[in-house]
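Here's the structure we're looking at; comments come further down.
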Amino acid sequence: MPKMKTNKGAAKRFSKTGTGKIKRNKAFTSHILTSKTTKRKRNLRHSTIMSPGDTRKMRVLIPY
């Protein structure tokens, strides 16, 4: 059986934690930042864990 290929676009955006959860960065941080509050921009800097439903789909894209 051949090896599974990693989706390189997904690999650059998401990473696996030691326990197998998927870590992701938050959206809405790239432009039009003047209309967003400082508190909102500060909270968007932190990464978060992907929801369980999306994690199942991501296991196909980043198997390793």
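As the structure is a computational prediction, the values presented were derived from the model and not from experiment.
Taken to the nearest 0.5 Å, the CZ atom of F14 stands 8.5 Å off from the CG atom of D54. Atom CD1 of I22 and atom OG of S47 lie 12.5 Å apart (nearest 0.5 Å). Here CG of L61 is found 12.0 Å from CZ of R59. Values are rounded to the nearest 0.5 Å. With values rounded to the nearest 0.5 angstrom, S35 atom OG is found 8.5 Å from K41 atom NZ. Going from atom OG1 of T38 over to atom CG of N43 covers 11.0 Å, rounded to the nearest 0.5 Å.
Within the structure, side chain to side chain donor-acceptor pair (under 3.5 Å) pairs that include any residue of residues 5-31 comprise T17-T19 (at least two apart or interchain).
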